[in-house]
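Right, one structure below, let's go through it.
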Amino acid sequence: MEELQNFLKIHSTVEVAQFLVGMYLEHETAKGKLGGYIVDCEAYLGPDDQAAHSYGMRQTPRLKAMYQEAGTIYLYTMHTHLILNIITETAGIPQGVMIRALQPVAGIKQMEENRGKTGVALSNGPGKLVQALGITRDLYGHSIFTSPLRLVTEKRKQPKKIQSLARIGIPNKDKWTEMPLRFVAAGNPYITNIRKSQISTDYGWQKEQH
DNA sequence: CCAACGATATACT
DNA sequence: GTATATCGTTGGT
């Protein structure tokens with residue numbers, strides 16, 4: 001965990017976003033541990049990024065967590081859905097990574113119950129994975145290092161290829177609309193809007209090394 | 001009041 | 001398979 005904390009300190013938001021592809025995300029709930037691999041995420045680059053909530057160093061009550069230290073959990077609601085972000089820089093620099101999709105590994109049965117769906121619909125979108133993992137607003141502002149919701153570096157998988165794409169859902173933001181700040185594990189079926197022909201049988205992971 | 005870092009159902013080639 | 005319409009809540013001018 002200290003290792004991860006250090007990683008956040010010395011790397012840029014974009015580098016962290018790329019590192020989070022393949023990272024194991026786990027939520028310890030009353031109904032057991034729910035977790036899986038992050039396969040799709042987006043970087044939001046604070047003051048300059050027109051698509052970021054914190055564009056122009058905007059300060060509002062809900063943005064409070066964005067100005068806290070790296071590892072802080074930033075949650076916001078969007079059209080009835082809760083969206084999960086992880087803050088990536090030191091306090092005062094409002095940048096973060098939005099978690100877009102997860103390949104479920106542990107507690108899949110519980111996730112199906114939480115979602116009322118099965119298969120890729122469990123977690124192939126930001127609001128979906130939050131619901132699948134049972135994440136709630138009271139995690140707002142807590143740390144990814146010390147809360148029931150945490151990143152497990154030891155279980156991280158290595159993607160064969162990280163693909164850079166334009167971010168989703170941010171039209172009319174000049175160059176920021178097109179900038180390749182979205183990173184996915186190429187070939188993984190849980191990626192948002194992936195085409196069937198793009199899915200690979202190994203789900204986009206490197207082979208385990210022995 | 002209205003836009004928003006979505007999700008879903010429904011309607012189409 | 002892709003496209004659109006509608007749902008719905010909260011935060012910020």
Side-chain angles (χ1 to χ4, degrees), chain A residues 12-14 16-18 20-21 23 25 36 38-68 72-89 93-104 111-141 144 149 163-184 187 189-200:
Chain A
S12 71
T13 299
V14 167
V16 171
Q18 291 169 337
L20 287 181
V21 176
M23 179 62 77
L25 177 69
I38 296 170
V39 299
D40 189 338
C41 65
E42 295 176 353
Y44 284 86
L45 305 182
D48 302 325
D49 185 350
Q50 290 183 38
H53 290 156
S54 56
Y55 174 57
M57 291 299 276
R58 204 151 58 113
Q59 306 239 11
T60 61
R62 83 161 167 178
L63 287 177
K64 208 176 150 202
M66 281 211 84
Y67 290 86
Q68 291 174 234
T72 301
I73 297 167
Y74 169 51
L75 294 163
Y76 68 90
T77 45
M78 169 74 176
H79 293 77
T80 80
H81 304 283
L82 202 58
I83 313 294
L84 171 66
N85 300 255
I86 297 170
I87 301 309
T88 50
E89 298 289 335
I93 302 178
Q95 303 196 356
V97 174
M98 166 183 174
I99 310 303
R100 280 205 66 85
L102 194 82
Q103 178 189 327
M111 293 193 208
E112 288 174 345
E113 203 171 299
N114 291 348
R115 288 276 303 129
K117 305 264 177 187
T118 60
V120 295
L122 274 186
S123 54
N124 66 346
K128 297 180 189 178
L129 90 263
V130 164
Q131 188 182 16
L133 293 178
I135 294 168
T136 54
R137 270 205 71 93
D138 43 85
L139 286 168
Y140 181 93
I144 202 77
L149 180 68
Q163 202 172 356
S164 308
L165 302 164
R167 293 173 293 183
I168 292 182
I170 48 167
N172 312 320
K173 303 291 186 201
D174 291 342
K175 64 172 181 177
W176 296 99
T177 294
E178 289 303 324
M179 286 197 83
L181 294 174
R182 176 182 175 215
F183 305 100
V184 306
Y190 287 89
I191 293 169
T192 304
N193 292 345
I194 193 173
R195 283 192 264 186
K196 225 172 186 178
S197 60
Q198 305 280 326
I199 297 174
S200 62

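The chains referred to below are lettered A, B, ... by the order of the sequence lines, with proteins before strands, and numbering in each begins at 1. No hydrogens, no waters, no symmetry mates; every other heavy atom, side chains included, goes into these values. The structure displayed is predicted, hence computed values, not measured ones.
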Around atom CG of A:Asp138, are there more than 12 heavy atoms from other residues, nucleotides or ligands closer than 6.0 Å? yes

Distance check needed: C:dG11 C1' versus A:Arg137 CZ, whole Å only. 10 Å

Starting from Watson-Crick (N1-N3 plus N6-O4 or O6-N4) and G-U wobble pairs under 3.5 Å, report the runs of at least three that DNA chain C belongs to. B:1-4 with C:9-12, B:6-12 with C:1-7

Taken in chain and number order and not counting sequence neighbours, the residues that satisfy ring-ring contact (aromatic ring centres under 6.0 Å, His included) with A:Tyr74 are A:Tyr76

Tell me: CG of A:Leu75 to P of B:dC5, nearest whole Å? 15 Å

Going by the glycosidic torsion and a 90 degree boundary from 0, is the base of B:dT13 oriented syn or anti? anti

What are the residues of residues 175-182 of chain A, sorted by number, that bring a heavy atom to within less than 4.0 Å of DNA chain B? none

Measure the distance from NZ on A:Lys173 to P on B:dC5 and round it to the nearest whole Å. 7 Å

Output one letter per nucleotide in nucleotides 7-13 of chain B: B when a protein non-hydrogen atom lies under 4.0 Å from the base, S when only the sugar-phosphate is that close, - when neither is. SSS----

Near-parallel close stack of A:Tyr44 and B:dC5 base (under 5.5 Å, under 30°): yes

Contacts of type side-chain contact (heavy atoms from CB on, under 4.5 Å), residue A:Pro126, not counting sequence neighbours: A:Ile83, A:Met98, A:Arg100

Taking only residues two or more places apart in sequence, or in another chain, which ones meet A:Glu113 in a side-chain contact (heavy atoms from CB on, under 4.5 Å)? A:Lys31, A:Gln110

To the nearest angstrom, how far is A:Tyr76 atom OH from C:dT10 atom C1'? 12 Å

Heavy-atom count around A:Gln50 CD within 6.0 Å, excluding the residue itself: above 12? yes

Quick one: side-chain contact (heavy atoms from CB on, under 4.5 Å) partners of A:Gln68, sequence neighbours excluded? A:Ala65, A:Thr72

Measure the spacing between CD1 of A:Ile87 and CD1 of A:Ile144 and express it to the nearest 0.5 Å. 10.5 Å

side-chain contact (heavy atoms from CB on, under 4.5 Å) between A:Leu75 and A:Leu84: does it pass, once the steps are laid out? CA-CA 5 Å; A:Leu75 294 163; A:Leu84 171 66; 3.9 Å; yes

Let me know the distance between CG of A:Leu82 and C1' of C:dG11, rounded to the nearest Å. 14 Å

Side-chain atoms of A:Thr80 come closest, of B:dC5, C:dG8, C:dG1, to C:dG8

Could you check which residues of residues 48-58 of chain A get a heavy atom under 4.0 Å from DNA chain B? Sort them by number, please. A:Ala51, A:Ala52, A:His53

Under the side chain to side chain donor-acceptor pair (under 3.5 Å) test, residues paired with A:Ser123 that sit two or more places apart: none

Answer yes or no: is there a side-chain heavy-atom contact under 4.5 Å between A:His53 and A:Tyr44? no

Hey, could you give me each pair passing salt bridge (Lys or Arg N to Asp or Glu O under 4.0 Å) that has a residue in residues 48-60 of chain A? Not counting sequence neighbours. A:Asp49-A:Arg167

Only counting residues at least two apart or in another chain, list the ones meeting salt bridge (Lys or Arg N to Asp or Glu O under 4.0 Å) with A:Arg182. A:Asp40

A:Thr177 meets the side-chain contact (heavy atoms from CB on, under 4.5 Å) criterion, sequence neighbours left out, with A:Lys173

Just to be sure I understand the rule, does A:Arg62 reach a base, reach only the sugar-phosphate, or reach nothing, if contact means heavy atoms closer than 4.0 Å? sugar-phosphate

